[in-house]
Amino acid sequence: CVLCGRTDDCPEKYGEKRIYVEYNLTVHYYCLLMSSGIWQRGEEDEGVDGFLITDIRKEVNRAAKLKCNICKKKGASIGCVAPKCKRSYHFPCGLQRECIFQFMEDFRSYCWEHRPVQKFTDKEPRGASQCTICLDLVEHLPVYTVLKSPCCKNAWFHRECLQYQALSAGIFFFRCTVCNNKDKFQKEMLRMGIHIPERDASWELEENAYQDLLHCYQHCDVKRCLCKKGRDYNEPDSKWEIKRCQYCGSRGTHLACSSMKSWEQNWECMECRSIFAKSGKYSKRKKRALATSEKTNGTTCLLEEPPPKSPRQSSGSPRNFLLQSSKIMCQNLSPCSHLELPASDRMTTSLSPVKSNRSWSLTQKHLREQRREVCNILKELKVQVKTKTTRLNINAESIWSNALKGFRQRNFSPTNTIEVNFSNCKNRSKTNTSAASKYHFFQLLILHLQNSSLFEGSSGKNLALDFQAVKENLYFEAGKMIAVSLVHGGPSPGFFSKTLFDCLVYGPENVKPALEDVADVDVAQTIQMIKYANSLSSLQSTLQDCCEFLTAAGCLRPVTALCDKNMLVNDILIYHVIKRITLPLESFRQGLKTLGVLEKMQMHPDAFSSILCHKPERLSAETICDLFTIHSSSDVNKLKGAGFWMGYLRDVESGESVVTLEDILLFVTGSCYIPSIGFDPEPTIKFLHIRYPIGKRLLNCLELPITKTYQQFKNKMELTIRNTLRVEGE
């Protein structure tokens, strides 16, 4: 290395060793970052990540005059930033002498005498505890090699362990291993010299890292297998197709080996059957399952919405193990009234039940800013879309099956321009491939996905477990459809729960689910009983009553103290909300990677949260007014026309008109909502000497008549918009 003079190639300690043969230059990346007399004056692709070659040469010449205070050799390019401190040293020497290098802002360096230290109070517990990364003992001492968490009192780490963890996790996933705090933890670790690279986690960059999760169990486990080709033989759509246990999925049988006539019939393995037999409800359950399977016919009813009055149950939920005891049934608990809270309100519910108007307006203002940021990001992604078109033939009454068929057709590509052709139920084409058809298609598709059996919950939804959907890879298709919709002009989904969003962005291992994430009322009620047990005896009694459920979930543990309930509740939540849907979640993530949407979500989580976790803002006069840019040949006409236009929008908003704000938007653009990516081209208004308003949808241009009075303007607007939309509807 031209700066430190060492030949070591250790990326963990010195950064990547860069060799540039054409410049006869070798340099450690950290040595370059920390050198005191050089700055990035070029673009990222110039020189060495923005450090120009000529500047590096000058820095080498400058350092050649400085002697290292540690090894006493020349070439010390790094100096302590403390006032009046004149110590200089090489980067490797500084590490050896326990200097602090801050990989942020100005990339400051502090010598061993002036380095920042963590504050230790007299109340700090002395002794030793486990490092929560390597699990070896770490002494509670104010030394360089030991760091404590700023957010958890009893979390201590080895510096070396933290550095390796940061290099592996990257800036998106590096957080406190105890409480998952990210902002406060990263700020303190950067101050104490931990380098957190601005890249995705190493496990996310590994190709096919989650391939094993996509493997389905394929083995016949019945006592006497009739298949001559062996227990592992599986031939789809025949009597030798392997059917997995509908409850655990970890046992299988050939259809013929269990005398099953069709794949739609449910099958339970002996282990699950014995659990039900003990509860005395197996026979009743079997009758119900068979009745359901007779009604179900493949994909067509796979995504039907259950009756609105009955709580949604995911098909993989072990709810049937629950509440089998009269003790639990008699408890007068209100099952999760808090489950109905919107996803966006969960964080603030415990702090402030009723938001003030000022707080609400500030929240809306913040969301608008985030949505503007998302709009710009999605426009960057839309650059991938080509002029080559793919046409989708859609029947609105069969939106899901038609969309699935279209997205799976051989010539479909997310980078092609999408045209939609709607047809009625009699298959008579309504040749309409305008932007209006595309907007309407994506609106229907997102609404259908929101209410499908792929998701569960009320306002903020999590993924549900549907084995049939897993088999048909529908979670992947759903993720792909949402990604394509966002880039091609679809609406903001707005129905993701905060937990689902965090699982997608930060990874499920870094997410702590809450009780409101449990959509199954029976499971939620059981968790409540455990959580609010006020004595050890009542806790043990509750656990005994739902022993089978805890065993199936892998959460059964000995309870010796009342405080053990907190860990038990956490285990149940993690199992039910996250571990149970590991396969659907990974498949959904893969779908969202389409067109690079997931990558942008991970880079800009706050921005994307505004459109995925929050419902779109209701149209208002102000929103519509800000959406349009006014052009006019005369300032007088522009001023007068703008006044009429704004007055009309206020009348529409207050209900003093026969049309709605959605009607106005539809008249001009062909869409009754504002797409997440915005309109292209941006909507404009022109005031012209014409008799009636004209909506030019190809240009998103609204041409308005110049009138003498406001009443004339209003009458012409209402007559034209109402009649135009009525004719289109017919």
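Because the structure is predicted, anything quoted here is derived from the model rather than measured. Numbering of residues begins at 1 and proceeds along the displayed sequence.
For the atom pair CG of L32 and SG of C1, the computed distance is 8.5 Å after rounding to the nearest 0.5 Å. We find the CD-CZ distance between E113 and R97 to be 9.5 Å, quoted to the nearest 0.5 Å. Taking CD1 of I100 as the reference point, atom SG of C80 lies at 11.0 Å (rounded to 0.5 Å). Atoms OG and CG, on S77 and L66 in that order, are 8.5 Å from each other to the nearest 0.5 Å. Atom CG of L167 is separated from atom OG of S202 by 9.5 Å, given to the nearest 0.5 angstrom. Atom CZ in F467 sits 10.5 Å away from atom OH in Y247 (nearest 0.5 Å).
With a 6.0 Å radius and a threshold of 12 heavy atoms from other residues, nucleotides or ligands, E98 has its CD atom above the threshold. Within a 6.0 Å sphere centred on CD of E271, heavy atoms belonging to other residues, nucleotides or ligands number more than 12. Counting non-hydrogen atoms of other residues, nucleotides and ligands closer than 6.0 Å to CE of M567 gives a total of 12 or fewer. Within a 6.0 Å radius of OH in Y217, other residues, nucleotides and ligands contribute more than 12 heavy atoms. For K531, the NZ atom is loosely surrounded, since the number of other residues' heavy atoms within 6.0 Å does not exceed 12. Residue-environment remark: CZ (R87) exceeds the threshold of 12 foreign heavy atoms within 6.0 Å.
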Would H28 and L3 count as a side-chain contact (heavy atoms from CB on, under 4.5 Å) if you check the C-alpha gap in whole Å, the side-chain angles of each, and the deciding distance to 0.1 Å? CA-CA 8 Å; H28 290 125; L3 290 168; over 6 Å; no
Begin with the C-alpha distance, continue with both residues' side-chain angles, and end with the deciding distance and a verdict on side-chain hydrogen bond (donor to acceptor under 3.5 Å, both in side chains) for S537 and S535. CA-CA 5 Å; S537 58; S535 67; 3.3 Å; yes
Is there a side-chain contact (heavy atoms from CB on, under 4.5 Å) between F172 and D200 once you walk through the steps? CA-CA 6 Å; F172 301 116; D200 210 344; 4.1 Å; yes
Residue pair Y29, D49: steps toward the side-chain contact (heavy atoms from CB on, under 4.5 Å) verdict: CA-CA 9 Å; Y29 186 54; D49 291 342; 3.5 Å; yes
Walk me through it: do C134 and H158 pass the test side-chain contact (heavy atoms from CB on, under 4.5 Å)? CA-CA 8 Å; C134 70; H158 296 111; 3.4 Å; yes
List the steps, then state whether side-chain hydrogen bond (donor to acceptor under 3.5 Å, both in side chains) holds for Q540 with Q544. CA-CA 6 Å; Q540 291 174 335; Q544 188 175 359; over 6 Å; no
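Heavy atoms only, all atoms of each residue included: F608 and V374 are closest at N-CG2, 3.7 Å. Nearest heavy-atom pair across C176 and F185 is N-CD2, 3.4 Å. Pairing each heavy atom of V559 with each of L536, the nearest pair is CG1-CD1, 3.9 Å. Across all their heavy atoms, I194 and Q163 have their closest contact at CA-OE1, 3.6 Å. Here the closest heavy-atom approach between residue Y110 and residue C99 is recorded as O-CB, 3.2 Å. In plain terms, the two heavy atoms of H90 and A76 that are nearest each other are NE2-N, 3.7 Å.
In this structure a side-chain-to-backbone donor-acceptor pair under 3.5 Å is missing from K67 to K72. Listed for the Q118 side chain is a donor-acceptor partner under 3.5 Å among the backbone atoms of K148. In terms of modelled atom types and a separation under 3.5 Å, the side chain of R159 and the main chain of Y144 share a donor-acceptor contact. A donor-acceptor distance shorter than 3.5 angstrom exists from the side chain of K565 to the backbone of A533, with no hydrogens or angles considered. Judged by distance alone, with hydrogens and angles left aside, the side-chain atoms of T551 form a donor-acceptor pair with the main-chain N or O of C547 at under 3.5 Å. In this structure, D55 contributes its side chain and F51 its backbone to no donor-acceptor pair below 3.5 Å. In this structure, S35 contributes its side chain and G37 its backbone to no donor-acceptor pair below 3.5 Å. Judged by distance alone, with hydrogens and angles left aside, the side-chain atoms of Q186 form no donor-acceptor pair with the main-chain N or O of R175 at under 3.5 Å. A donor-acceptor contact shorter than 3.5 Å links the side chain of S610 to the backbone of A607. With Q370 contributing its side chain and S609 its backbone, the two residues share no donor-acceptor pair below 3.5 Å.
Side chains of Y506 and P605 form a contact here, defined as non-hydrogen atoms less than 4.5 Å apart. Counting heavy atoms from C-beta on, the side chains of P197 and I171 never come closer than 4.5 Å. The side-chain heavy atoms of M603 and E599, taken from C-beta on, include a pair separated by under 4.5 Å. Under the 4.5 Å side-chain criterion, counting only non-hydrogen atoms from C-beta, F101 is in contact with I78. Contact of the L585 side chain with the L500 side chain is registered, since non-hydrogen atoms from C-beta on lie closer than 4.5 Å. A heavy-atom distance below 4.5 Å is not found between the side chains of F588 and I581. Taking 4.5 Å as the limit, every side-chain heavy atom of S587 sits out of range of all side-chain heavy atoms of L583. Within the 4.5 Å cutoff, side-chain heavy atoms of L598 are placed close to those of M601.
Listed by chain and number, the residues in a side chain to side chain donor-acceptor pair (under 3.5 Å) with S109 are Y89 (sequence neighbours excluded).
Between E456 and R580, at least one side-chain N (NZ, or NE/NH1/NH2) sits under 4.0 Å from a carboxylate O, which counts as a salt bridge.
For Y30 and F103, the gap between ring centers is short of 6.0 Å.
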